[in-house]
Amino acid sequence: MSLACGIVGLPNVGKSTIFNAITAAGAESANYPFCTIEPNIGVVDVPDANLELIKGFIPTERIIPAALKIVDIAGLVAGASQGEGLGNKFLGNIKECDAILHVVRCFESGDIIHVSGSVDPQRDIEVIELELGLADLDTVARALDRAAKKARAQDKDAMFEKDVLERAKAWLESGKQLRNHAWTPQEAAVLYPLFLITMKPVLFVANVADSDLDGQSPLVDKVRAHAAATGAEVVALSGAIEGEIMALEPADRAAFLADMGLTEPGLHRLIRSAYHLLGLQVYYTAGPKEIRAWTIHKGDSAPKAAGVIHTDFEKGFIRAEIYSVDELVQYKNEAAIKAAGKMRSEGREYVMRPNDVCHFLIGK
């Protein structure tokens with residue numbers, strides 16, 4: 001399952017610094033606008049303590065965590081939807097992502113230029129959201145023209161599509177994001193094929209000073225207030241500090257974190273939050289060859305989960321033998337789990353739960 005989060009924001013807010021720290025991919029990061037020309041792409045592991053926990057009871061040759069694609073997109077500016085800065089090309093890159101990580105600068109620094117001359121999170125958020133909304137408005141207006149022509153023939157589907165697009169156009173013209181409207185599944189089915197940017201879920205990333213690692217400054221409060229008003233979430237971290245942490249050898253990171261009063265890198269919180277933003281969860285398979293976290297959508301059935309391993313597994317699914325990570329910790333091994341009657345046999349209607357460990361029986 002290949003899903004991507006696109007990192008957006010004004011130039012010089014720390015997008016590429018955070019991307020570098022997340023992916024260790026070495027994207028160019030400099031103190032001038034538009035240093036990101038082509039989008040940088042990295043695939044990152046989703047931090048998951050369960051994998052090592054399972055390995056403590058089931059020896060294995062390798063561990064394979066879940067992964068998430070991160071795309072660092074060029075800094076947007078006012079007028080991007082009309083071609084300003086790097087323009088529509090990079091709005092197109094956002095359309096291809098499944099969710100948005102909106103980086104907002106929440107620190108003062110005379111050494112780092114702000115494209116607007118001052119730090120104001122609310123203003124910066126509004127600039128980006130306006131440009132994304134204008135890009136969607138253009139897409140919706142063109143789709144509405146097509147639907148209106150079809151609707152003249154009194155085609156019911158076209159008339160419904162026209163009605164939905166008219167309401168979407170009005171919503172965008174009022175300055176609102178499409179994700180903040182309660183669309184029915186049928187209405188959303190009209191909009192999703194357009195890859196509208198403001199339909200995508202958003203996680204605000206408050207890039208804070210190293211003196212505000214808990215994100216308690218008034219600048220971060222502004223981001224939280226906006227997120228609360230628009231149904232989004234916020235993660236606060238210092239891109240500069242996260243870069244220092246990731247540059248250390250793994251053995252030295254724990255001591256550095258302890259010195260900073262942290263229990264884990266902020267990037268771990270960011271990656272997990274982005275993963276859940278997409279409505280994802282994992283289940284596990286475990287054996288002597290590998291222990292692996294498999295990505296599924298929340299609410300997926302056991303056959304659909306099996307299909308993530310191989311498409312034929314969904315078709316040939318017979319049943320799944322399932323226990324939880326907590327039961328493995330309690331009983332120490334699968335034999336003891338079975339002896340205690342805790343190994344569950346689940347059929348096609350079973351909805352996967354967090355922390356499930358599975359063995360699938362597949363017919364030919």
Side-chain angles (χ1 to χ4, degrees), residues 1-4 22-25 41-70 246 249-251 253-254 264-265 267-268 271-272 274-276 278-364:
M1 183 179 294
S2 179
L3 294 167
I22 293 174
T23 64
I41 299 173
V43 178
V44 299
D45 293 340
V46 178
D48 188 344
N50 279 338
L51 293 168
E52 287 294 339
L53 191 60
I54 295 169
K55 185 181 178 183
F57 300 99
I58 303 177
T60 194
E61 292 179 11
R62 62 177 183 166
I63 287 177
I64 304 177
L68 185 66
K69 184 189 291 184
I70 305 292
M246 293 301 115
E249 293 295 324
R253 290 175 188 169
E264 66 172 349
L267 293 174
H268 286 190
I271 295 167
R272 285 197 299 268
Y275 196 75
H276 291 297
L278 290 165
L280 305 176
Q281 67 183 43
V282 300
Y283 74 88
Y284 307 97
T285 55
K289 291 293 184 182
E290 69 177 33
I291 295 169
R292 183 164 183 164
W294 298 90
T295 299
I296 59 174
H297 286 99
K298 293 175 183 177
D300 276 354
S301 64
K304 193 168 285 289
V308 172
I309 299 175
H310 195 287
T311 52
D312 289 344
F313 286 10
E314 182 174 359
K315 299 173 187 175
F317 178 91
I318 296 174
R319 70 175 184 272
E321 292 187 338
I322 301 177
Y323 59 90
S324 71
V325 174
D326 289 342
E327 287 164 340
L328 179 61
V329 172
Q330 181 179 355
Y331 295 100
K332 312 306 179 189
N333 58 63
E334 291 186 353
I337 292 171
K338 286 182 179 179
K342 298 297 183 180
M343 183 78 76
R344 292 174 281 121
S345 181
E346 303 288 0
R348 301 188 67 85
E349 302 304 315
Y350 177 74
V351 175
M352 300 294 291
R353 303 173 189 168
N355 298 333
D356 277 346
V357 184
C358 303
H359 296 290
F360 294 108
L361 179 62
I362 307 297
K364 294 183 179 179

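Side-chain contact between Leu328 and Val357: absent, with no pair of heavy atoms (C-beta onward) separated by less than 4.5 Å. Looking at Leu278 and Leu68, their side chains come closer than 4.5 Å, going by heavy atoms from C-beta outward. Between Leu280 and His297, the closest side-chain pair of non-hydrogen atoms falls below 4.5 Å. Counting heavy atoms from C-beta outward, Tyr350 and Asp356 have side chains that approach closer than 4.5 Å. For the pair Glu52/Ile63, a side-chain contact is recorded, criterion being any heavy-atom separation below 4.5 Å from C-beta on. Taking the side chain as every heavy atom from C-beta outward, Glu264 and Pro47 never approach each other to under 4.5 Å. Using a 4.5 Å heavy-atom cutoff, the side chains of Val282 and Asn50 are not in contact. Put simply, the side chain of Leu51 reaches to within 4.5 Å of the side chain of Pro65, judged on heavy atoms.
Put simply, the side chain of Arg253 gets close to the backbone of Met246: a donor and an acceptor are under 3.5 Å apart. The main-chain N or O of Glu349 is never found under 3.5 Å from a side-chain atom of Ser301 such that the two would form a donor-acceptor pair.
Closest approach of Ile362 and Phe313 over heavy atoms only: CD1-O, 3.5 Å. Nearest heavy-atom pair, Pro303 versus Arg348, reported as atom, atom and distance to 0.1 Å: CD-O, 3.3 Å. Among all heavy-atom pairs drawn from Gly347 and Ala302, the shortest one is O-CB, 3.9 Å. Closest approach of Tyr331 to Ala340, counting heavy atoms only: CE2-CB, 3.5 Å. Contact record, Ile22 with Ile271: CG2-CD1, 4.1 Å, taken as the closest heavy-atom pair. Of all non-hydrogen atoms in Ala286 and Ile54, the two that sit nearest each other are CB-CG2, 3.9 Å.
Using the six-membered ring where Trp is involved, Tyr283 and Trp294 have ring planes that are parallel, under 30° apart on the 30 and 60° scheme.
With sequence neighbours left out, Glu290 forms a side-chain hydrogen bond (donor to acceptor under 3.5 Å, both in side chains) with Arg62. Evaluation of the side-chain hydrogen bond (donor to acceptor under 3.5 Å, both in side chains) rule for Tyr275 yields Thr295 as partners, not counting sequence neighbours.
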Next item on the list: Would you check, one step at a time, whether the test side-chain contact (heavy atoms from CB on, under 4.5 Å) holds for Ile58 with Glu334?
Entry: CA-CA 9 Å; Ile58 303 177; Glu334 291 186 353; 4.0 Å; yes
Between side-chain atoms of residues 314-322 and protein atoms elsewhere (two or more places apart, or another chain), which donor-acceptor pairs fall under 3.5 Å?
none

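When Lys342, Lys332, Gln330 are each tested for a side chain to side chain contact (heavy atoms under 4.5 Å, CB included) with Ile337, only one passes: Lys342.
Salt bridge annotation for Glu346-Arg353: absent, with no cationic side-chain nitrogen under 4.0 angstrom from a carboxylate oxygen.
Within a 6.0 Å sphere centred on NZ of Lys298, heavy atoms belonging to other residues, nucleotides or ligands number more than 12.
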